[in-house]
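Everything numeric in this text was worked out from a predicted model, so none of it was measured. The chain is numbered in sequence order, starting from 1.
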Amino acid sequence: MKKFSSLLTLTILSTVTFAQKSNHNLIVGTYTAPGKSEGIYIYSFNAKTAATFIKSITKNTANPSYVAVSPDNQFVYAVNETGATSTVSAFKYDAASGNLIFLNKVDSHGADPCYLTVDAKNVIVANYSGGSLAVFSRKADGSLTEAVQIIKHTGKSIDPKGRQESAHVHMVKFTPDHQYLIVNDLGEDQIYIYNYNPTAKEKTLAIKSVLKTNAGTGPRHITFSPNGKFAYLAHEFNGSITAFAYSNGTLTKIQEIGTTPKDFTGKIDGADIHVSADGKFLYETNRGDANSISAFSILPTGKLKFIETVSTLGKGPRNFTIDPTGKFLLVGHQYTNNIVIFNRNKTTGKLTDSGKRIDVGAPVCLLFN
């Protein structure tokens with residue numbers, strides 16, 4: 001507990017320092033097919049005005065749909081979501097210039113990787129169509145080894161539209177104490193919790209427990225409160241959010257709440273979910289026919305209280321992020337090829353259109369660093 005408290009203090013201090021900067025890099029992962037994007041885009045973002053300008057475009061990397069930055073800010077890793085030929089790419093990262101220098105790429109060991117996470121030792125990838133997750137060790141120069149561990153899920157669930165006929169690993173995320181890895185399997189309607197041993201030669205991950213979610217809902221993304229006490233799971237098929245209490249590798253359900261009106265009959269396609277840095281508000285996006293973002297206040301108990309649902313002002317809000325100052329919330333639209341920048345009221349949590357846009361092809365991952 002003392003080690004976790006020290007880690008939390010360091011994280012808060014670094015977050016405060018980071019937020020005080022005026023300019024930040026915004027890294028945007030995209031789909032290069034059908035051809036409106038050229039690769040990974042890095043913008044300079046002014047945290048006072050929300051003004052942006054392009055710093056670099058990393059070309060010749062296919063469908064870098066999800067990206068992650070190493071903890072030391074020296075390297076960037078990206079999935080290359082290209083079906084059965086999918087790979088994971090490593091880049092040397094110069095934050096000052098925004099330039100990425102290609103290091104190497106390796107087989108993702110599963111079709112269509114859609115998420116990855118990185119720490120000082122490893123990169124771990126979620127393979128959606130492959131229904132697997134793979135662990136790659138990081139070399140001293142930032143490049144990746146071949147996979148040191150591959151775990152294949154084999155279950156299914158009840159979705160009548162055929163989206164759960166096999167396992168679909170959608171997210172891999174470390175718990176706040178960094179002792180465990182949460183793995184959401186949309187195809188199985190299950191959350192896997194793995195023990196994490198970063199220096200193990202073979203079994204970096206070992207199963208701790210499996211948590212069944214509501215059948216036919218498709219668990220997609222999960223996020224934790226800054227204090228590490230609560231977690232919030234977004235379900236893709238119905239846009240609902242499950243709130244959990246978290247402690248020592250255990251998730252305990254405390255609430256289930258919806259994000260669309262009860263009379264909504266269109267396609268929902270829940271997408272992304274994040275908590276503001278102050279821990280006071282949670283946001284969740286829906287795609288499909290909804291194209292909306294919902295805001296909730298987080299009560300001291302960890303439960304959510306609905307604030308509002310507003311249009312994301314585009315189609316296919318796949319991913320969103322809050323800037324380091326908390327003043328702005330940016331939503332990437334896969335199908336209208338732009339990023340909409342909202343003003344965010346830090347007192348009420350409400351969003352209003354800033355009128356500012358970033359035009360970029362098929363943005364599906366937004367990351368400040």
Side-chain angles (χ1 to χ4, degrees), residues 1-12 14-15 18 66-79 88 90 108 113-128 132-138 142 144 147-151 153 169-186 190-200 203-211 219-234 242 244-252 272-275 277 279 282 319 321 365 367-369:
M1 178 60 77
K2 186 176 181 180
K3 182 180 177 182
F4 177 55
S5 298
S6 299
L7 180 63
L8 182 62
T9 301
L10 286 172
T11 301
I12 292 171
S14 62
T15 300
F18 182 49
Y66 204 87
V67 297
V69 181
S70 62
D72 63 6
N73 211 40
Q74 298 296 307
F75 304 96
V76 166
Y77 299 92
V79 302
V88 186
S108 71
C114 62
Y115 201 98
L116 79 171
T117 190
V118 56
D119 69 359
K121 296 290 186 181
N122 301 297
V123 170
I124 306 176
V125 176
N127 292 301
Y128 179 81
S132 65
L133 55 150
V135 182
F136 305 87
S137 292
R138 297 178 56 206
L144 296 173
V148 297
Q149 186 178 13
I150 303 163
I151 299 173
H153 292 175
V169 177
H170 213 307
M171 188 184 204
V172 287
K173 187 175 184 67
F174 290 118
T175 53
D177 50 29
H178 212 75
Q179 300 300 304
Y180 309 94
L181 184 79
I182 303 291
V183 179
N184 296 333
D185 195 312
L186 177 144
Q190 295 192 134
I191 299 174
Y192 289 76
I193 302 175
Y194 289 92
N195 292 300
Y196 179 58
N197 185 350
T199 58
K203 291 197 173 182
T204 309
L205 300 172
I207 192 70
K208 177 185 182 294
S209 59
V210 181
L211 180 65
R220 180 180 169 95
H221 280 191
I222 195 167
T223 189
F224 285 87
S225 59
N227 63 12
K229 294 181 178 180
F230 305 105
Y232 302 92
L233 174 68
T242 305
F244 298 94
Y246 173 76
S247 178
N248 298 319
T250 299
L251 293 170
T252 304
D272 203 13
I273 188 167
H274 295 287
V275 176
L282 177 137
N319 192 225
T321 188
C365 178
L367 178 66
F368 279 106
N369 87 293

Could you pull out all residues at least two apart from Tyr115 that satisfy ring pair (Phe, Tyr, Trp, His ring centres under 6.0 Å)?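 If we apply the ring pair (Phe, Tyr, Trp, His ring centres under 6.0 Å) test to Tyr115, skipping adjacent residues, the hits are Tyr66, His221.
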
Using the ring pair (Phe, Tyr, Trp, His ring centres under 6.0 Å) criterion, which residues pair with His153? Sequence neighbours excluded.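 His153 satisfies ring pair (Phe, Tyr, Trp, His ring centres under 6.0 Å) with Tyr192 once adjacent residues are dropped.
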
Measure the [atom1]-[atom2] distance between [X] and [Y] for me, rounded to the nearest 0.5 Å.
X: Met171; Y: Leu116; atom1: CE; atom2: CG; answer: 11.0 Å
X: Ser132; Y: Asp185; atom1: OG; atom2: CG; answer: 10.0 Å
X: Asn184; Y: Ile182; atom1: CG; atom2: CD1; answer: 7.5 Å
X: Leu181; Y: Leu205; atom1: CG; atom2: CG; answer: 5.5 Å
X: Thr199; Y: Lys121; atom1: OG1; atom2: NZ; answer: 7.0 Å
X: Gln149; Y: Thr204; atom1: CD; atom2: OG1; answer: 5.0 Å

Among Thr252, Asn227, Asp177, find the one that has a side chain to side chain donor-acceptor pair (under 3.5 Å) with Tyr246.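 Answer after filtering Thr252, Asn227, Asp177: Asp177.
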
I'd like to check [X] versus [Y] (side-chain heavy atoms, cut-off strictly below 4.5 Å). Are they in contact?
X: Val169; Y: Asn127; result: no
X: Val123; Y: Arg138; result: yes
X: Val76; Y: Asn369; result: no
X: Asn197; Y: Lys203; result: no
X: Leu133; Y: Tyr194; result: yes
X: Val275; Y: Phe230; result: no

Do the side chain of Asn122 and the main chain of Pro198 share a donor and acceptor less than 3.5 angstrom apart?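 Flag set: sc Asn122 to bb Pro198 pair under 3.5 Å.
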
Does Thr175 reach the main-chain N or O of Gly249 with its side chain, forming a donor-acceptor pair under 3.5 Å?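 No: the side chain of Thr175 does not pair with the backbone of Gly249.
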
Testing the basics here: between [X] and [Y], what is the closest heavy-atom pair and its distance to 0.1 Å?
X: Arg220; Y: Leu233; result: N-CD1, 4.2 Å
X: Ala90; Y: Leu144; result: CB-CG, 4.1 Å
X: Ala134; Y: Ser108; result: CB-O, 3.7 Å
X: Val79; Y: Pro113; result: CG2-O, 3.4 Å
X: Pro219; Y: Gln190; result: CG-N, 3.8 Å
X: Tyr77; Y: Ser70; result: CE1-CB, 4.3 Å

Steps toward side-chain contact (heavy atoms from CB on, under 4.5 Å) verdict (Leu367, Asn319): CA-CA 10 Å; Leu367 178 66; Asn319 192 225; over 6 Å; no

Check side-chain contact (heavy atoms from CB on, under 4.5 Å) between Lys208 and all other residues, then give those that pass, not counting sequence neighbours.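 For Lys208 the side-chain contact (heavy atoms from CB on, under 4.5 Å) partners, ignoring immediate neighbours, are Tyr180, Ile193, Asn195, Thr250.
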
As a quick check of understanding, evaluate side-chain contact (heavy atoms from CB on, under 4.5 Å) for Tyr196 and Ile124, giving each step before the final call. CA-CA 11 Å; Tyr196 179 58; Ile124 306 176; 4.0 Å; yes

